[in-house]
Amino acid sequence: MRQLIREALPLMAAPLLSLGLEEGTWEGLVGPSTVGGSLADVAMPCHSLSPVLKKSPSDIAGEISSAISDSLIGIAEVSSLNGFVNLSAAESWLSARVEVLTADPRMGVSLDEPRVIAVDYSAPNVAKEMHVGHLRSTVIGDAIVRMLEFKGHTVHRENHVGDWGTPFGMLIEHLLDIGEGNVAGEKGISDFDLFYKEARTKFDEDPEFAERARSRVVMLQSEEEETLRLWRILVDVSTNYFNDVYSMLGVLLTDDDLMGESAYRHLLPNVVDRLSETGMLQNSEGADVVFLGGKWLNRDGEPFPVMIRKADGGFNYSTSDLACIIDRVERIGCDELLYVVGTPQKQHFEMVFEVATKAGFMDQSHRAVHVNFGSVLDSSGQMLKSRKGQTVKLVDLLREAVSRAESSISEKNPGLSGDERESAARMIGIGAVKYSDLSSDRTKDYVFDWDRMLSFEGNTAPYLQYAHARICSIFSRSGIGRESVQESQINLGTPEEVDLAKTLVLFSEAVDYSAAGLYPHRLCTHLHSIASSFASFYEVCLVLDEDEEVKSSRLAMCDLTARALSLGLGLLGIDCPERM
RNA sequence: GGGCGUGUAGCAUAGCCUGGAUAAUGCACUGGCCUCCUAAGCCAGGGACCGCGGGUUCGAAUCCUGCCGCGCCCGCCA
């Protein structure tokens, strides 16, 4: 309702001046109402004016209310209660707003001043299974990418896959033991968990293998040709597998977005040089480190460093992340760097950002944000660890979701069959998984519960998709084209229509609020309220079989609702079937 | 020990940034609603001293502070 406020404020100035309130003293009090219902959309608490005007808040609210109500005719109805001045959007104002939206494919969502933004997300490991932890990063990152692109920004997707480092010695040797012909090409690796575990076991238990693995690491780091070829096999097999998962999930990531750790390996010495030039680098027990000081103390109360180059000459992840920052700022020209990575790495990113800022890799014009997310917990509230407990393979989870969706469809709507049922099952099952992850505050821990995420009740994707499908059904049944109603005159004859109109008008604010904070759940919350308002509207307002004027208005509302839902879910990476 | 985060009905969550009115939503529970556009739905109802104590304020779930519980981080792993 920011537009209501924008329109109302100038009209309130003169009447308020006549009550003794100077311009600039009261505007900040006007904001969204905190009470629901039809009472108010915008409210102005008058309690703080009490000492100024030497009257009770209740009297002040009453006086303001009667002073401004004539000025706001056609915009809002004004009343007062409990020391609040309440503005409720006028029906004519609301219907005019809705009419503007019906002609706008962007549903009122404005474009921001464009920035160049890198979003680092997903980041699976080569030769390892993708599990539920990757699900969060992938789904949240993808939603953020879509929202930011929609707001007009240039977004670079960065998939920082784990494709370099010491584990590749044992992985390559294991590949040789198995025989590359059994892995390369179409065959792939059928079980990455098993592959990794076998390599690990041999490394731990077979000294001869461990020795081969260690010298293989040296060959890899010196970029020996044959070793690089073998490494490439593992990378290719894995990225094919990642692509299968991405395509099943329906995310934007492609091979063009791959920027693994290996891609930055030649920049690492450069990081050392540049840190050295600034004088930040210190030698500690043979290693090159940066001491930031401040609150960075270890458990003995001593300062602890950011490790840049280990005593053995190797680099670790801080260095790699610094190289990334340099690359993204200087080569890609990013204004903003977003890292969709779990909360446990918060301290790491704080330190890396601090080093990068002090070293001048970033300046005031750059913004680096750790877009953190909570851990995945099981139903008993424990961390879902990949070490011991049975890890849920991402592919298995997604297949299960789709198959559950398919059986629900068979049960609820036997009329759907063949390709259409299959495609609806995919949209519903995958949508359910994504939505359950996106719909709560990402910074908090996420309770992973198959029954809840696949349940088709409550604040879930299927509930929103169902509202969308019902609308599509109205149009297909009546044979009326969606576009043909987009210039209809809007009449809000019932409370349900008014309520629906308000949630639709608030759509653009919800998108902005969600994108600005990088919080997809805010958009979910609003989409749910749209679907919920629509469901109430649908019960009470017969769309077809009314007189022409009512019918065209309601059809336009239906079209707008369906567009809000599919656009909104689309920004979250979730598709809507027309029938389900 | 230090740092960071978190605590809201039986369960799961929103609201906290930017303080306002009777704390919102879903599941579960109770009771209603399909000769009518998909009942995967709708309507009504019960259920919360917003972890505990101080402070600021006309007003605190929200801001400050002290406790308590839980979690994560403090590795020459990423």
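Letters A, B, ... are given to chains in the order of the sequence lines, protein chains preceding strands, and every chain is numbered from 1.
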Please write out each protein N/O paired with an N/O of nucleotides 45-51 of chain B under 3.5 Å, distance rounded to 0.1 Å.
none

For nucleotides 10-17 of chain B, print each protein N/O atom paired with a nucleotide N/O atom at under 3.5 Å, atom names and distance only.
unit_1: A14(B); atom_1: OP1; unit_2: D441(A); atom_2: N; d: 2.4
unit_1: A14(B); atom_1: OP2; unit_2: K444(A); atom_2: NZ; d: 3.3
unit_1: G15(B); atom_1: OP1; unit_2: H521(A); atom_2: NE2; d: 3.2

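In terms of the side chain to side chain contact (heavy atoms under 4.5 Å, CB included) criterion, residue partners of N372(A) (sequence neighbours excluded) are, by chain and number, T343(A), H370(A), R442(A), T443(A). With sequence neighbours excluded, no residue satisfies salt bridge (Lys or Arg N to Asp or Glu O under 4.0 Å) with E422(A). In this structure S137(A) satisfies the side chain to side chain contact (heavy atoms under 4.5 Å, CB included) test together with Y121(A), V340(A), F373(A), sequence neighbours excluded. For E549(A), there are no salt bridge (Lys or Arg N to Asp or Glu O under 4.0 Å) partners at least two apart in sequence or on another chain. In this structure, the side chain to side chain contact (heavy atoms under 4.5 Å, CB included) partners of R452(A), at least two apart in sequence or on a different chain, are V447(A), D449(A). Listed by chain and residue number, L94(A), L492(A), K502(A) satisfy the side chain to side chain contact (heavy atoms under 4.5 Å, CB included) test with V498(A) (two or more places apart in sequence, or in another chain).
Sorted by first and then second residue, the ring-ring contact (aromatic ring centres under 6.0 Å, His included) pairs involving residues 294-324 of chain A (not counting sequence neighbours) are Y317(A)-H348(A). Among pairs with a residue in residues 28-60 of chain A, those fulfilling ring-ring contact (aromatic ring centres under 6.0 Å, His included) read H47(A)-F84(A), at least two apart in sequence or across chains. For residues 524-560 of chain A, the ring-ring contact (aromatic ring centres under 6.0 Å, His included) pairs, not counting sequence neighbours, are Y463(A)-H528(A), F534(A)-F537(A), F534(A)-Y538(A).
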For RNA chain B, just give me the dot-bracket, please: Watson-Crick or G-U, both distances below 3.5 Å, ( ) intra-strand, [ ] crossing earlier pairs, | paired with another strand, . unpaired.
(((((((..((((......[...)))).(((((.......))))).....(((((..]....))))))))))))....

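Mapped onto RNA chain B by nearest heavy atom, E539(A) and H528(A) fall at different nucleotides, with H528(A) at the one closer to the 5' end.
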